Amino acid sequence: MTYHTPKAVIIIFGATGDLANRKLYPSLYRLYRNGKLSENFAVIGVARRPLTNEDFRNNIKKSIEEFNDPHINPDDFASHFHYNPFDVQDLTHYQKLNAFINELDEKHETDGNRLFYLAMAPNFFGTIAANLKSQGVTNNTGWTRLIIEKPFGHNFETAQQLNNQIRHAFDEDQIYRIDHYLGKDMIQNIEVVRFANALFEPLWNNHYISNIQVTSSETLGVEERGRYYDESGALRDMVQNHMLQMVSLLAMEPPARLNPDDIRYEKIKVLRSLKEINENDVDQYFVRGQYDRGEINGKELDAYRESNGVDPDSNTETYVAAKFMIDNFRWAGVPFYVRTGKRMAKKSTEIVIQFKDLPINLYKEKGDTIDPNLLVIQAHPDEKITLHLNAKKGDYDTTSKPITMYYDKKHAEDSYTPEAYEVLLNDCLHGDSTNFVHWDEVALSWKYIDIISNAWEGNKAAFPNYTSGTCGPKAGDELLGANGHHWWKL
Ligand code: NAP
């Protein structure tokens with residue numbers, strides 16, 4: 001798609017926060033440096049603390065320090081940023097903000113376009129949306145878009161309440177719900193690998209695929225986020241959004257066209273086809289874990305229940321393994337295993353597609369076993385696509401051995417990988433909602449996840465049940481073992 005450089009005033013709520021400093025400003029800088037932002041843009045930072053424009057611009061320059069690009073003067077970039085001390089509860093502040101946006105719109109010739117980015121605690125989202133509308137801040141002449149951060153609700157009911165509040169002020173097609181996994185280069189590659197290769201799509205079904213495994217593991221614990229995390233847990237924090245999004249991309253039918261509506265339609269069909277489970281069956285499909293003390297790289301680590309802000313008797317899971325079955329013609333009988341956890345052996349986001357075994361092994365008499373073919377997509381920290389095949393051993397006999405063929409993005413000629421937030425900000429500025437989450441997806445995934453969390457809430461687990469620095473609880477392996485499968489090594 002050919003893009004014109006967008007023109008807009010970008011209003012960031014939560015401009016002094018962690019997300020803005022660590023992700024949003026560096027991403028805007030990369031877009032600026034890569035020519036994806038023209039000079040016709042301005043950013044208004046909104047937060048309570050009384051900073052001057054100069055303080056704010058110094059923060060911006062600090063957040064882009066690492067780039068140290070000789071072709072770009074950081075002051076030029078920072079000159080697009082303006083600070084507006086603000087209390088989201090105070091209506092007069094919205095009126096002043098509106099006047100300020102108009103002023104910058106004129107100065108930077110942004111055609112009346114406004115992008116509101118809510119990088120604040122979710123309990124403010126509804127209030128901000130309502131006040132923006134009631135005070136006329138969304139009555140602009142150009143386009144109006146809203147980016148909203150996760151978490152989108154705590155369950156279906158709270159997500160619906162939040163959605164109703166936001167929809168009161170914004171239409172669905174103006175709302176861009178972030179799932180930053182959808183901005184990751186290798187996650188976007190799932191579709192390209194599937195739909196741009198004659199080799200895979202014909203095999204992408206229950207005739208040839210044995211099972212699919214999706215892992216997102218971290219070595220870190222909850223660190224300073226204990227209070228938030230203890231209310232959330234891995235199921236809500238990771239499975240409801242990121243993991244189910246990856247499953248949808250892996251399982252969807254080819255879209256009629258590569259446009260947001262057609263892709264979303266296919267993803268929604270996957271969520272609708274998830275095999276229904278009831279609370280009594282949850283243990284057959286889901287495993288939960290919580291990390292105990294342990295050691296990573298020789299460093300002694302505390303247990304989850306010993307972290308700041310965490311209830312010493314907490315029933316919150318820091319690990320989930322799940323088996324999703326998709327009841328449609330393409331996937332009936334193929335388990336989609338997902339696992340995610342903190343304090344695991346390795347930091348990794350990866351997908352393994354395991355193909356079915358051959359009907360016979362011609363090399364058995366020579367003592368060779370034939371490994372299944374695997375297609376592995378690694379999204380983080382490595383960005384690789386690996387195909388595991390079998391080929392002739394280098395000896396005098398006709399014998400076989402496993403080999404791998406791989407593509408490593410790091411060594412590719414066009415090795416620039418944009419950051420997830422950079423991609424998503426760029427998409428939103430161009431009005432492309434493909435890699436954002438539609439309300440129908442949020443609703444379906446919460447309805448499914450609520451069944452599991454309800455079952456778990458009424459039933460205390462024997463936590464802690466895995467040692468920090470390992471691959472999670474034994475039950476996570478047994479979930480696959482019951483079908484004769486095993487996790488491919490982390
Ligand atoms: P944070 O560091 O706590 O920042 C919160 C921001 O909100 C600050 O700028 C704060 O500034 C401002 N604020 C708080 N109360 C306010 C009020 N009444 N009026 C105006 N401004 C107010 O939070 P964060 O980590 O950046 O997270 C922001 C959002 O992104 C959350 O929804 C979070 O779940 C999501 N998220 C964050 C990350 C991450 O890596 N940090 C990752 C994924 C999602 P003042 O104190 O100056 O008012």
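Keep in mind it's a predicted model, so treat the numbers as computed, not measured. In each ligand, atom 1 is the first atom listed, and ligand 1 is the first ligand listed. No hydrogens, no waters, no symmetry mates; every other heavy atom, side chains included, goes into these values.
- For ligand 1, the atoms closer than 4.0 angstrom to any heavy atom of Pro151 are 34 (O).
- Numbered from 1 in the order shown, with element, the atoms of ligand 1 that lie under 4.0 Å from a heavy atom of Phe86 read 19 (N), 20 (C).
- Listed by number with element, the atoms of ligand 1 under 4.0 Å from a non-hydrogen atom of Pro122 are 32 (O).
- Under the 4.0 Å distance rule, the nearest protein heavy atom to atom 3 (O) of ligand 1 falls outside the cut-off.
- Here the protein heavy atom with the shortest distance to atom 38 (C) of ligand 1 is Leu19 CD1, 3.6 Å.
- For atom 13 (N) of ligand 1, the closest non-hydrogen atom on the protein side is Met120 CE, 3.7 Å.
- Heavy-atom proximity to atom 17 (C) of ligand 1, evaluated over Lys23, Glu149, Arg48, is greatest for Arg48.
- A donor atom on one side chain and an acceptor atom on the other are found under 3.5 Å apart for Asn163 and Arg177.
- Under 4.0 Å is where a charged nitrogen must lie from a carboxylate oxygen, and between Asp75 and Arg57 no such pair does.
- Within 6.0 Å of the CD atom in Glu306, the count of heavy atoms belonging to other residues, nucleotides or ligands exceeds 12.
- For ligand 1, the atoms lying closer than 4.0 Å to a non-hydrogen atom of Arg22 are 39 (C), 40 (O), 41 (N).
- Under the 6.0 Å cut-off for aromatic ring centres, Phe324 and Tyr285 do not qualify, their centroids lying 6.0 Å or more apart.
- A distance-only check finds a donor-acceptor pair linking the side chain of Ser217 to the backbone of Lys346 [under 3.5 Å].
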